[in-house]
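Heads up, the thing below is written out as structure tokens.
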Amino acid sequence: MSDLLERLRGRGWRMTAQRRVVAEVLNGDHVHLTADEVLARATDRLPEISRATVYNTLGELVSLGEVLELATDGRAKRYDPNAHRPHQHLICSDCGAIRDVHPTGDPLSALPDAERFGFTVSAVEMTYRGRCPDCARP
């Protein structure tokens, strides 16, 4: 059983067959699927699931804070079930592959007080970019 399914059950979320399939498709490390990719995988498991159900379920999961919605470089939004473990993203600038990374240290320390403009900073989002091994091959 995925961590996402456990969290949803713990919240008392009504687990229909369609919702369960969407949650199962989102299970795993480094999962950052587009809505169309979720739909394709969900349809493989439950052929009668509709596009509207998948999109609505993703919207509900984002609203609940159980899935993160990522928008990178004008590409299709991606959905990350790793919503409860702080992490950053490493993105391939060629193919768009995304990996979760967990840098050490305090990223707030890199922002001098003079550059905070009086803000009380509560969170930092960093994105690392580069080329994945597949795209870097000659």
Side-chain angles (χ1 to χ4, degrees):
M1 181 172 14
S2 77
D3 183 49
L4 178 59
L5 282 169
E6 290 175 19
R7 293 191 323 251
L8 293 171
R9 281 197 181 104
R11 292 182 77 124
W13 198 53
R14 195 171 133 247
M15 192 66 67
T16 64
Q18 293 86 354
R19 286 176 163 185
R20 170 189 288 281
V21 166
V22 170
E24 287 173 349
V25 165
L26 289 171
N27 182 40
D29 291 333
H30 307 290
V31 173
H32 303 91
L33 301 173
T34 66
D36 286 342
E37 290 169 336
V38 173
L39 175 63
R41 292 179 186 194
T43 302
D44 287 345
R45 294 174 182 221
L46 189 66
E48 64 271 17
I49 196 167
S50 71
R51 175 181 299 273
T53 297
V54 169
Y55 278 64
N56 289 338
T57 302
L58 289 170
E60 285 181 50
L61 293 172
V62 170
S63 293
L64 289 170
E66 295 297 340
V67 171
L68 302 173
E69 185 177 70
L70 308 173
T72 60
D73 299 338
R75 296 177 189 248
K77 291 179 184 171
R78 295 185 174 269
Y79 296 88
D80 181 355
N82 192 3
H84 295 281
R85 286 185 35 223
H87 66 284
Q88 307 304 326
H89 293 105
L90 174 62
I91 301 175
C92 178
S93 53
D94 288 354
C95 72
I98 303 174
R99 298 289 179 262
D100 292 345
V101 293
H102 304 87
T104 58
D106 178 13
L108 279 177
S109 65
L111 183 63
D113 287 338
E115 290 292 318
R116 295 181 189 208
F117 301 99
F119 280 64
T120 301
V121 180
S122 58
V124 176
E125 295 179 17
M126 295 172 41
T127 301
Y128 298 89
R129 298 186 187 281
R131 293 180 76 208
C132 71
D134 290 338
C135 292
R137 281 193 198 116

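For Asp134, the side chain to side chain donor-acceptor pair (under 3.5 Å) partners two or more places apart in sequence, or in a different chain, are Arg137. In this structure Arg41 satisfies the salt bridge (charged side-chain N to carboxylate O under 4.0 Å, His left out) test with no other residue, sequence neighbours excluded. Listed by chain and number, the residues in a salt bridge (charged side-chain N to carboxylate O under 4.0 Å, His left out) with Asp100 amount to none (sequence neighbours excluded). The side-chain contact (heavy atoms from CB on, under 4.5 Å) search around Leu64 returns Leu8, Arg11, Trp13, Glu66, not counting sequence neighbours. In this structure, the side chain to side chain donor-acceptor pair (under 3.5 Å) partners of Ser50, at least two apart in sequence or on a different chain, are Thr53. Residues forming a side chain to side chain donor-acceptor pair (under 3.5 Å) with Arg99 (at least two apart in sequence, or on another chain): none. Residues passing the ring-ring contact (aromatic ring centres under 6.0 Å, His included) test with His32, sequence neighbours excluded: His89. Scored by the salt bridge (charged side-chain N to carboxylate O under 4.0 Å, His left out) test, Arg45 finds Glu24 as partners (sequence neighbours excluded). Judged as a salt bridge (charged side-chain N to carboxylate O under 4.0 Å, His left out), and not counting sequence neighbours, the contacts of Asp36 are Arg51.
Here the CD-CG distance, from Gln18 to Asn56, works out to 11.5 Å after rounding to the nearest 0.5 Å. Rounding to the nearest 0.5 angstrom, the gap separating the CG atom in Leu26 from the CG atom in Asn82 is 12.0 Å. Atom-to-atom distance recorded for Leu61:CG and Leu68:CG is 11.0 Å, nearest 0.5 angstrom. Here Glu6 contributes atom CD and Asn27 contributes atom CG; the two are 9.5 Å apart, rounded to the nearest 0.5 Å. The CG atom of Leu58 lies 9.5 Å from the CG atom of Leu39; values are rounded to the nearest 0.5 Å.
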Checklist entry - Where do Glu48 and Leu46 land on the side-chain contact (heavy atoms from CB on, under 4.5 Å) test, with the steps shown first? => result CA-CA 6 Å; Glu48 64 271 17; Leu46 189 66; 3.0 Å; yes
Item to check | side-chain contact (heavy atoms from CB on, under 4.5 Å) evaluation trace for Leu5 with Met15 | outcome: CA-CA 9 Å; Leu5 282 169; Met15 192 66 67; 3.8 Å; yes
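Residues Leu90 and Val124 share a hydrophobic cluster, clusters being chains of Ile/Leu/Val/Met/Phe/Trp/Tyr side chains in contact below 4.5 Å. No path of Ile, Leu, Val, Met, Phe, Trp and Tyr side chains, each step under 4.5 Å between heavy atoms, connects Val38 with Ile98, placing them in separate hydrophobic clusters.
Listed by first and then second residue, the side-chain hydrogen bond (donor to acceptor under 3.5 Å, both in side chains) pairs that reach into residues 113-128 come to none, sequence neighbours excluded. Applying the salt bridge (Lys or Arg N to Asp or Glu O under 4.0 Å) test to residues at least two apart or on different chains, the pairs with a partner in residues 54-65 are Arg19-Glu60. For residues 81-92, the set of pairs meeting the salt bridge (Lys or Arg N to Asp or Glu O under 4.0 Å) definition, not counting sequence neighbours, is empty.
Counting only distance, with no hydrogens or angles, the side chain of Thr34 and the backbone of Lys77 share no donor-acceptor pair below 3.5 Å.
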